[in-house]
Amino acid sequence: MNTAEGFKPGPDRPMSSPMRIGGLVEPRDAGGAGPTAGTLLALGAVVSAAFAALEPPPGRLAHVVVWAVPVLLLAASAVLLSHRGRRSRRLLALTPLIGVVTVFALALTTQDATLTGHIFFVFPVLYGAAVLRARAARLVAGTAVVLDATLSFTLREPVAAFVDTLYMTTTLVALTVVLVRRGDRQDATVAELERHRERLAHQATHDALTGLPNRVLLHERLRTALADPGRAAAAASPTAPGSTAPGGERRGAAGPRDEVAVLLCDLDGFKAVNDRLGHRAGDELLVAVAHRLRAQVRGSDVVARLGGDEFALVLPGTDEAGALAVADRLLGALADPLPAAGQLVHVGASIGITTAAAGAGVLGDALVREADVAMYEAKAGGRGTRVLFVPAMLEAHAAEAALVQDLHGAVDRGEIVVEYQPVVDLATGRTDGLEALARWEHPRLGRVRPDVFIPLAERSGLIGEIGLHVLQEATSRATAWAASAARFVSVGVNVSAHQLTDRRLLDAIPTGTTATTQLLLEVTESTLVRPDVVPVLDELRRRGVRIAMDDFGVGQSSIAALRTMPVDVLKLDRAFTVDIASDPRAAAVVRAVAVMARELGLPLVAEGIETPHQRQALLDVGCPFGQGFLLARPMSASATATHLHAPDPATPGAATPDAAMPDTAMPVVPRPARVPADGLVPSP
């Protein structure tokens with residue numbers, strides 16, 4: 001963490017200032033001290049003029065001095081009451097000392113050692129005790145006591161002088177102590193309020209967890225850097241990375257010291273750490289990341305946390321080449337393991353970069369948005385890398401944002417339709433199940449590909465609404481088809497981790513099996529291993545829902561994990577189907593998977609079958625079920641109803657529509673939930 005950004009409320013600076021005459025200490029309240037001093041001096045001028053008129057002193061010199069004092073006091077009062085005088089802290093500090101010396105000189109000149117001569121010492125002492133800091137007030141009071149004693153012992157007999165001095169000393173010290181203590185309490189209250197204000201200001205502009213600047217302060221610093229090229233250049237150290245500016249004239253001609261770079265850094269794999277180790281470990285990880293990012297940049301650079309696992313950096317005086325070099329250092333620093341929950345964890349980062357010329361009128365919000373777009377490009381490109389923003393990205397991002405906007409309400413408008421692709425027994429050609437597939441019929445763009453809108457739905461949080469619609473549509477259709485076609489209908493629906501952690505899914509599935517239908521939920525490998533998903537899958541299986549591992553073989557498949565995973569069906573990824581007819585190694589892998597699935601009692605479905613050679617090769621290695629364009633393309637609900645009413649192919653060994661299906665058929669083999677004791681899933 002940059003200590004320059006940290007919250008360090010210092011002590012009361014005026015209290016710790018060196019004691020100097022003229023700059024002794026600042027007044028408690030510089031704004032109110034001037035008027036107070038001016039008023040006291042004006043009052044002193046009136047009183048001294050009255051005494052001079054009522055009791056004129058003997059002698060010409062004394063007469064001049066007596067009348068000169070009120071004139072000087074009025075002049076000083078006018079200065080202190082003026083706007084300029086109010087801002088003069090030195091004059092305010094000197095005023096009581098000048099007053100004490102003036103009283104002494106006046107009394108000595110007029111040979112006035114009476115009570116009226118002594119009482120004038122009270123005015124500057126009262127002012128000093130009420131307005132100045134404690135040390136200044138003590139100095140004024142001490143000076144007044146010394147001068148009063150000098151006056152008494154100069155003009156009176158020793159005994160009378162001692163009595164006068166004792167009386168005035170007691171009076172002046174008592175006044176000073178009372179007022180100084182009162183002022184100290186006020187100062188303490190004001191100081192505490194000031195510290196509280198500083199804390200609130202710090203909390204408003206800094207992240208509570210990492211101590212880094214937050215989004216508010218980031219934009220403030222970015223505006224400053226963009227508005228003042230000189231300040232941005234001065235802030236950059238002479239060893240700022242990057243000395244050339246390839247492409248740096250994208251927003252006007254500027255040297256590297258006149259450019260500002262913005263980097264947006266999003267952690268890769270942070271959610272997995274949070275899910276696996278808990279939120280406390282996630283917080284520890286974010287703090288460690290903040291320290292590591294801060295250590296890789298200059299003191300003049302700004303490292304901020306925008307929220308979640310997203311960080312932003314503002315680099316004044318840095319061009320594109322320098323920003324790329326900084327991004328590479330950041331990626332290298334985050335590649336090393338980080339501490340969390342007493343262990344070392346690995347996370348990466350995706351970084352988006354953009355630059356602009358300082359003073360070119362570019363808005364900070366626009367720069368942050370560009371860096372954000374580039375960061376998402378980095379994530380889409382494989383993560384763990386950095387991407388420099390180009391304008392074409394913004395166009396693509398705008399188009400994607402428009403699609404997301406159109407996706408809102410698509411279900412209610414009837415634009416999300418469901419098609420069904422049969423799952424076929426490869427030996428008999430019989431349809432043994434259906435997979436429900438979401439399709440988006442855009443009113444302006446036509447049909448939008450699933451690989452385009454499904455990721456958008458997941459990122460925007462709309463996948464739950466769309467998935468629920470597909471689930472309800474598929475189950476209701478399956479019930480209707482089973483009744484009209486007088487056959488058992490199994491239907492599979494793809495679900496994501498987001499849907500499985502949404503309570504609405506469980507509410508929508510009171511039961512997964514009836515006398516004529518079977519619900520199969522297809523889940524990817526990465527979702528099956530999530531600890532927050534496994535209990536949901538177990539509950540679904542208790543309700544009769546069967547679980548299929550989708551795209552088996554392309555993730556981090558663990559053969560041993562199949563013993564404990566809540567899985568009833570394996571769906572082999574199309575990557576194995578493509579080369580099975582021409583690559584003996586691919587055929588060997590599928591054969592091994594088929595043997596394993598058969599021994600575990602898991603029906604195996606091969607996806608992506610497009611040629612007769614692929615179908616025959618799958619049969620040869622023992623894969624019983626398949627799905628693909630060769631067998632049947634996805635079809636509408638009406639076409640699916642027609643397909644289910646049609647007679648099955650006249651293949652030897654094929655079952656009749658109303659005959660009981662064999663135990664090896666994919667849709668109907670019931671598998672009990674996992675046995676917690678040993679994690680084994682018994683075969684039927």
Side-chain angles (χ1 to χ4, degrees), residues 421-427 431-437 490-497 500 512 518-530 533-534 537-538 540-541 544-580 586-609 614-615 617-628 631 661-675 679-684:
Q421 186 175 29
V423 176
V424 177
D425 186 318
L426 296 180
T431 296
D432 282 337
L434 302 166
E435 180 181 359
L437 303 169
S490 172
V491 61
V493 178
N494 293 276
V495 291
S496 66
L500 288 169
Q518 172 67 55
L519 175 62
L520 178 76
L521 295 184
E522 301 187 12
V523 185
T524 61
E525 259 182 84
S526 59
T527 300
L528 279 168
V529 297
R530 285 183 44 165
V533 165
V534 172
L537 295 177
D538 286 338
L540 288 168
R541 295 180 75 205
V545 178
R546 305 184 69 214
I547 308 300
M549 180 188 289
D550 202 11
D551 301 331
F552 177 76
V554 295
Q556 299 177 347
S557 301
S558 171
I559 302 302
L562 285 176
R563 298 173 59 249
T564 58
M565 281 184 177
V567 175
D568 303 292
V569 177
L570 291 183
K571 298 196 73 172
L572 192 65
D573 188 77
R574 65 181 63 249
F576 294 94
T577 304
V578 172
D579 299 324
I580 190 171
V589 171
V590 177
R591 181 181 294 108
V593 172
V595 171
M596 176 195 66
R598 185 166 54 251
E599 291 298 321
L600 291 175
L602 301 175
L604 181 64
V605 181
E607 297 180 307
I609 303 174
Q614 293 171 345
R615 174 180 179 174
L618 288 165
L619 278 171
D620 292 343
V621 299
C623 180
F625 303 103
Q627 190 176 356
L631 307 174
M661 300 178 70
D663 283 345
T664 56
M666 185 273 295
V668 297
V669 177
R671 292 176 53 81
R674 278 190 308 143
V675 179
L680 293 176
V681 181
S683 298

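Sequence positions, counted from 1, serve as the residue numbers for this chain.
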Item to check | Point-to-point distance, once rounded to the nearest 0.5 Å, from OG1 of T431 to CG of L631 | outcome: 9.0 Å

Next on the checklist: Rounded at 0.5 Å granularity, tell me how far CD in Q614 sits from CD1 in I580.
Outcome noted: 8.5 Å

Checklist entry - Would L500 and L540 count as a side chain to side chain contact (heavy atoms under 4.5 Å, CB included) if you check the C-alpha gap in whole Å, the side-chain angles of each, and the deciding distance to 0.1 Å? => result CA-CA 10 Å; L500 288 169; L540 288 168; 4.0 Å; yes

Item to check | By side chain to side chain contact (heavy atoms under 4.5 Å, CB included) - contacts of A548 (at least two apart) | outcome: L520, E522, V569, K571

Checklist entry - Once you round to the nearest 0.5 Å, how far does SG of C623 lie from CZ of R615? => result 11.5 Å

Item to check | Pairing residues for D620 by the side-chain hydrogen bond (donor to acceptor under 3.5 Å, both in side chains) criterion, not counting sequence neighbours | outcome: Q616

Next on the checklist: Using the rule given for side chain to side chain contact (heavy atoms under 4.5 Å, CB included), can you reason through V424 versus F625, listing the C-alpha separation, both sets of side-chain angles and the distance that settles it, and then say yes or no?
Outcome noted: CA-CA 6 Å; V424 177; F625 303 103; over 6 Å; no

Checklist outcome for this item: Heavy atoms of R546 and P603 approach each other most closely as NH2-CG, 4.2 Å

Next on the checklist: Keeping D568 on the side-chain end and I547 on the backbone end, is there a donor-acceptor pair under 3.5 Å?
Outcome noted: yes

Next on the checklist: Using only atom types and a distance under 3.5 Å, with no angle test, would you say the side chain of Q518 pairs donor to acceptor with the backbone of G544?
Outcome noted: yes

Item to check | Contacts of A594 that satisfy side chain to side chain contact (heavy atoms under 4.5 Å, CB included) - sequence neighbours left out | outcome: L604

Item to check | Sequence-distant partners of R574, side-chain hydrogen bond (donor to acceptor under 3.5 Å, both in side chains), two or more places apart | outcome: none

Item to check | Stepwise side chain to side chain contact (heavy atoms under 4.5 Å, CB included) check, V523 with V495 | outcome: CA-CA 6 Å; V523 185; V495 291; 3.7 Å; yes

Next on the checklist: Testing L602, L572, L570 one by one against M549 for a side-chain contact (heavy atoms from CB on, under 4.5 Å), which residue passes?
Outcome noted: L570

Checklist outcome for this item: Heavy-atom nearest pair, R541 first then P566, reads NH1-CA, 3.5 Å

Checklist entry - If you round to the nearest 0.5 Å, how far is CG of D573 from CG of D550? => result 8.0 Å

Checklist entry - Could you state the interatomic distance from CG (D551) to CZ (F576), rounded to the nearest 0.5 Å? => result 10.5 Å

Checklist entry - Taking atom CG of L619 and atom CG of L426, what is their separation to the nearest 0.5 Å? => result 5.0 Å

Item to check | A592: partners by side chain to side chain contact (heavy atoms under 4.5 Å, CB included), with sequence neighbours left out | outcome: none

Checklist entry - Taking all non-hydrogen atoms of both residues, which atom of A436 and which atom of V493 are closest, and how far apart? => result CB-CG2, 4.2 Å

Item to check | Nearest atoms (heavy-atom pairs only) where F552 meets E525 | outcome: CA-OE2, 4.0 Å

Item to check | Set of side-chain hydrogen bond (donor to acceptor under 3.5 Å, both in side chains) partners for T527, sequence neighbours left out | outcome: T524

